[in-house]
Amino acid sequence: MTTDAIVIVGAGHAGGRTAEALRAAGVTAPIHLIGEERYPPYERPPLSKELLTGKIAVEKTFIQPEAFWAEQAITLHLGMRVEALDRARRLVRLAGGATLDYATLVLATGGRPRRLALPGVESPRVRYLRDIEDTRALQAAIAPGTRVAVIGAGVIGLEVAASARILGAAVTVLEVAPAPLGRVVDRAVGDWFLALHRRHGVDMRMGVGVQAIRDGAGGATVALADGGGVEADLIVIGVGIVPNIELARDAGLEVDDGIVVDQFGRTADPAIYAVGDVARSFHPLLGRHARLEAWRNADNQPRAVARVIAGGNEPYAEVPWMWSDQFDVNLQVAGLPRVVDRTIQRGTDDKFTVIQLAEGIVVGGITVNQGRDMRPIQQLIAKAARVDVERLADAAVPLAQIVKGA
Ligand code: FAD
């Protein structure tokens, strides 16, 4: 028997948005949304911020009220893992042996924290942060005075550090690179965040390698490559994610640090799409494939792909954008430049904007407590605008005016 069902594997942010957007696009076929976690689709940004500091309840992270899915005739299979894909028979195999047939399959399997292969890393004091249960475990372990060692000064590591300080912990951040946030901002902005965390009492140790974790009676020691050690009650590792590509790979689809798809989210199998953190999509604006690990991509790429599944032909070409909140600072980053040959900074030391140029064209931008500049920066990036650098450097000229002239 043939089916017209759409099966979505992964009921995270991107999977949930795909299902929702399919209905919004008028798709009436059965939709199955299968997720390994026990929660309905939710947003992860609060996990290291407001949820960790106890400012919001878990339900606030849900992308829709719980009743929404049934109302939309979207069948949620929660606490259910998909074990394998059978492309020839167009079915997915669930844990326990049941199968579900599909006409269209969307892979929205996201990523999992990259593990560190360190001696002693299996200590119960070691934690990662990706899901609600991880946040709960961190919350339970952090109290005023708790000694927290964070390994990795990327976005998640620094957000955990800030939240743990807010909760009264004594926090040390260990990073092998010379400055934090090396994957998202330039060195100058990284150094600015280094100073920010130090001002808030975080012991920021840059350029240090971690060698081992040794559990003791009253805590653990993080042994450093320089022979030193950091005593900790809790160790949080934040060294990036690994995309969950295994289902696609084992089914013979192309993978390359992500599931390779075109600008419409399609794999080489016309019945199979991929969205969100797991997708390495062709990005028309960048002119290359890129895998984006950010809220906006998880929110909007699925909408674009759902419209394609519903019969449309608009590619997803939005400017890459992400943000982070640490203490009272809001960081936003747009673009994904590979080469920057000039940067222009506008603003003061506590509120500023960095515009990144390559051969006179705006390719990226960073704002620190200056979110209002983000929209014009994205417009300049989208236009691949060649701008008058002197006007760009003149903070008296609003960016919106430069956009008009671009
Ligand atoms: P995920 O959210 O990882 O969802 C994938 C889901 O698929 C998971 O629930 C997983 O259990 C499920 N799954 C995987 N394999 C299977 C299987 N075989 N069977 C069934 N289910 C499966 N971005 C920003 O722009 N700004 C921020 O401030 C920000 N903060 C963040 C804070 C944290 C702590 C984290 C973890 C991420 C943050 N992000 C932020 C990134 C953003 O949340 C992600 O880009 C987004 O969650 C990606 O959504 P996704 O649906 O693609 O993947």
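First listed ligand is number 1; within each ligand, the first listed atom is number 1.
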Trainee: Using the test salt bridge (charged side-chain N to carboxylate O under 4.0 Å, His left out), find all partners of Arg136 that sit at least two apart in sequence or belong to another chain.
Mentor: none
Trainee: Which protein heavy atom lies closest to atom 33 (C) of ligand 1, and at what distance to 0.1 Å?
Mentor: Ile156 CD1, 3.3 Å
Trainee: Quick test of your reading of the model: are Arg90 and Asp101 salt-bridged, counting only N-O distances below 4.0 Å?
Mentor: no
Trainee: Do His197 and Gln326 have side-chain atoms, one donor and one acceptor, less than 3.5 Å apart?
Mentor: yes
Trainee: How far is atom 53 (O) of ligand 1 from the closest protein heavy atom, and which atom is that?
Mentor: Gly110 CA, 3.3 Å
Trainee: Of the non-hydrogen atoms in Arg17 and Pro302, which two are nearest, and what is the gap between them?
Mentor: CB-CB, 3.9 Å
Trainee: Cation over ring, Arg115 on Tyr128, under 6.0 Å and within 45°?
Mentor: yes
Trainee: List ligand 1 atoms under 4.0 Å from Lys49, heavy atoms only on the residue side.
Mentor: 27 (C), 28 (O), 29 (C), 30 (N)
Trainee: Which ligand 1 atoms does Gly12 reach within 4.0 Å, using its non-hydrogen atoms?
Mentor: 4 (O), 6 (C), 51 (O)
Trainee: Please could you name the atoms of ligand 1 that Met322 approaches to less than 4.0 Å, counting only its heavy atoms?
Mentor: 25 (O)
Trainee: Please list, in number order, the atoms of ligand 1 under 4.0 Å from a heavy atom of Ala294.
Mentor: 23 (N), 25 (O), 45 (O)
Trainee: Please tell me whether Glu231 and Thr221 have a donor and an acceptor in their side chains that are separated by less than 3.5 angstrom.
Mentor: yes
Trainee: Quick one: look at Leu247 and ligand 1, take heavy-atom pairs under 4.0 Å, and tell me if it's side chain, backbone, both or neither.
Mentor: side chain
Trainee: Under 4.0 Å, counting heavy atoms only: does Glu43 come that close to any atom of ligand 1?
Mentor: no
Trainee: Do any N/O atoms on Ser324 end up under 3.5 angstrom from N/O atoms on ligand 1?
Mentor: no
Trainee: Got a salt bridge between Asp215 and Arg125, using NZ or NE/NH1/NH2 to carboxylate O under 4.0 Å?
Mentor: yes
Trainee: For atom 21 (N) of ligand 1, what is the nearest protein heavy atom, given as residue, atom name and distance?
Mentor: Glu36 N, 3.1 Å
Trainee: If we ignore angles and hydrogens, is there a donor and acceptor under 3.5 Å between the side chains of Glu59 and Tyr42?
Mentor: no
Trainee: Could a heavy atom of Met80 be found less than 4.0 Å from some atom of ligand 1?
Mentor: yes
Trainee: Does the side chain of Ser324 come under 3.5 Å of the side chain of Glu159 through a donor N or O and an acceptor N or O?
Mentor: yes
Trainee: Please state which part of Arg81 comes within less than 4.0 Å of ligand 1, counting heavy atoms only: side chain, backbone, both or neither.
Mentor: both
Trainee: Look up atom CD1 in Ile361 and atom CZ in Arg342, then write down how far apart they are to the nearest 0.5 Å.
Mentor: 14.0 Å
Trainee: Going by heavy atoms, is Val278 under 4.0 Å from ligand 1?
Mentor: no
Trainee: Atom 40 (C) of ligand 1: which protein heavy atom is closest, and how many Å away?
Mentor: Pro45 CG, 3.8 Å
Trainee: Run the salt-bridge test on Arg307 and Glu314 with the 4.0 Å N-O cut-off and return the result as yes or no.
Mentor: no
Trainee: Who's the nearest protein heavy-atom neighbour of atom 3 (O) of ligand 1, and how far?
Mentor: Arg130 NH2, 2.7 Å
Trainee: Give the single entry among Trp323, Trp295, Tyr39 that approaches atom 23 (N) of ligand 1 most closely by any heavy atom.
Mentor: Trp295
Trainee: Can you list the ligand 1 atoms lying under 4.0 Å from a non-hydrogen atom of Thr109?
Mentor: 5 (C), 7 (O), 14 (C), 15 (N), 16 (C)
Trainee: Could you tell me which atoms of ligand 1, counted from 1 in the order shown, lie closer than 4.0 angstrom to a heavy atom of Glu37?
Mentor: 8 (C), 9 (O), 11 (O)
Trainee: What is the distance from atom CD of Gln64 to atom CD1 of Ile74, rounded to the nearest 0.5 Å?
Mentor: 8.5 Å
Trainee: Using a strict cut-off of 4.0 Å, indicate which atoms of ligand 1 neighbour a heavy atom of Ala298.
Mentor: 46 (C), 48 (C), 49 (O)
Trainee: Do me a favour and list the nearest non-hydrogen protein atom to atom 18 (N) of ligand 1 with residue, atom name and distance?
Mentor: Val82 O, 3.0 Å
Trainee: Checking Lys383 side chain against Val403 main chain: does a donor-acceptor pair fall under 3.5 Å?
Mentor: yes
Trainee: Checking Asp269 against Thr267: is there a side-chain donor and acceptor pair closer than 3.5 Å?
Mentor: no
Trainee: Counting heavy atoms only, which of Ala279, Gly10, Ala108 is nearest atom 5 (C) of ligand 1?
Mentor: Ala108
Trainee: Considering the heavy atoms of Asp277, write down every atom of ligand 1 situated less than 4.0 Å from one of them.
Mentor: 44 (C), 45 (O), 46 (C), 48 (C), 52 (O)
Trainee: Among protein heavy atoms, which lies nearest atom 4 (O) of ligand 1, and at what distance?
Mentor: Arg44 NH2, 3.3 Å
Trainee: Between Gly276, Pro302, Ala14, flag the one that comes closest to atom 51 (O) of ligand 1 by a heavy atom.
Mentor: Ala14
